[in-house]
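One structure is given here, and the rest of the page talks about it.
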Protein chains: 2
Amino acid sequence: MSPSTSSNPPLIRDAALRLFAEPGGARASVRDIATAAGVSPALIIRHFGSMEGLREAVDAHVATQIGALLEHIASDPAGAIDPHSSASFADAATRLFGDDSPLPRYLLRSLVDGGDRGAALVELVTRSSVEAWQSMIDAGAVSPGPDPRARAALVAMIDLAALALREPLGSLLGADPLTGEGAERWTAEVARMLARTSPHGASAGSEHEGNPHD
Amino acid sequence: MSPSTSSNPPLIRDAALRLFAEPGGARASVRDIATAAGVSPALIIRHFGSMEGLREAVDAHVATQIGALLEHIASDPAGAIDPHSSASFADAATRLFGDDSPLPRYLLRSLVDGGDRGAALVELVTRSSVEAWQSMIDAGAVSPGPDPRARAALVAMIDLAALALREPLGSLLGADPLTGEGAERWTAEVARMLARTSPHGASAGSEHEGNPHD
DNA sequence: GGTCACAGTAAACATTTGTTTACACTGGCC
DNA sequence: GGCCAGTGTAAACAAATGTTTACTGTGACC
């Protein structure tokens, strides 16, 4: 029997997060998770009370982690879509999500299986997007359009999709939309589309997309 | 014992589709589905061979159904985003998805749990979007932009999100994005954003969004 | 009427599941 | 050293799972 260690609860929680985020992960058993974490099934129950308790702990942790990214973006709202500071979002996303993070896939899991807690997590993301968008409207940087709510919804959807639909989007883009060059290209393209709504943007009209990084 | 009926296999398949699409539905048991379909668990195994066989049958059916919508849109590519024919997409979506269709939620399920079959279904949707977008580029109606692949990816994501993220999008929009007024508003807003990329669109420049439905 | 293919089901079966129980170990404190 | 709280585990437990088996009923055909 190994010595006692206080690192086991987070270890278990993280193993669960990884498994739950995978295809078929909703059917991961207490024994699957115990094996992945290198502990006994009974220890999971001891620390978290039940499988439901474990799921709650994972959800709470994910909310904290994703909240960190949103906090970062909220400190620089333009950073999310401004082509000149797109590196800021890309850097933050790379740092938080790396190449192998289960968080975006877990967000997707929350969308389909999360019930009330999943809906709350998704709302965390979309509310942050909508607030950032409103800040930019207030600053006069963008236009709310004839149907302001629809436009805000579109902006929020684009943000949510970049996280939750990371994999199909990555296939389409030919690069990971949350890290490195892929993140820069994605945010640049989103910025171009939204820059179209600037009240005083390009004055030449319809299509003026020379070189956004110069 | 009831009389024999050839309607039981589709009845079972549809009950399974509904259950699988719900939160927690990945854990739906053969007994849950049997109860929902009003048959015995053993009948499901008799007709589909196994639970895996049932899942395959559901996937095949969903691919057929979603293919029907894409076929409709492919016959009128502009219909997906042109504000003047947005009613065409809205009508088709309403007819296919109604108020209560499990298909969009099942697509979301496929994204997270579908493995290869899920990826194939998602590709069905995104390929169709990309092809429609390319048709519009070829027709000179829109511009590919400085990063054509990123722009096509953005268009495809918007389409995929409207289906798979129907519920959070509906909350943001304040209406269902796949039926009725909500579908019209959503497609109108998407059209406005994408019309911005027209090579010879509005010549007044930055923000010219008078009244798109007049 | 008898035979056959097919559909449908209850019961049984072997395995898996989440959880509980009983025990051992560790380290800190007196 | 003894006691205690906390950690960790193997085994046991009751329930649930997907599937198989054995049987019945139906309708078509001869």
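A, B, ... follow the sequence lines: proteins, then strands. Residue 1 opens every chain.
Scanning for side chain to side chain contact (heavy atoms under 4.5 Å, CB included) contacts around B:S171 gives an empty result, with sequence neighbours left out. Every side-chain hydrogen bond (donor to acceptor under 3.5 Å, both in side chains) that B:S29 has, sequence neighbours left out, goes to B:D32. In this structure A:E123 satisfies the side-chain hydrogen bond (donor to acceptor under 3.5 Å, both in side chains) test with no other residue, sequence neighbours excluded.
Listed in residue order, the members of residues 22-35 of chain A having a heavy atom less than 4.0 Å from DNA chain C are A:S29, A:V30, A:R31. Near DNA chain C, defined here as any heavy-atom distance below 4.0 Å, the residues from residues 48-59 of chain A are A:S50, A:M51, listed numerically.
Atom-to-atom, CD1 of B:I44 to C1' of C:dA10 comes out at 15 Å; the value is rounded to the nearest Å. Atom C1' of nucleotide D:dT7 and atom CZ of A:R46 are separated by 6 Å, given to the nearest angstrom. Spacing between atom CD1 of A:I45 and atom P of D:dA11 amounts to 18 Å, rounded to whole angstrom units.
Between A:N8 and D:dG8 there is a side-chain polar atom (N or O) within less than 4.0 angstrom of OP1 or OP2. When the side-chain nitrogen and oxygen atoms of A:H47 are compared with OP1 and OP2 of D:dG6, none of them lie within a distance under 4.0 Å.
Taking the nucleotide of DNA chain D with the nearest heavy atom to each of A:S40 and B:A42, the more 5' of the two is matched to A:S40.
No donor-acceptor distance shorter than 3.5 angstrom exists from the side chain of B:R13 to the backbone of B:H61, with no hydrogens or angles considered.
Between B:I44 and B:A34, the shortest heavy-atom contact is CD1-N, 3.6 Å.
Each side chain to side chain donor-acceptor pair (under 3.5 Å) pair with one or both residues in residues 111-122 of chain A, not counting sequence neighbours, appears once here: A:E52-A:R117, A:D59-A:R117, A:R109-A:D113, A:D113-B:R109.
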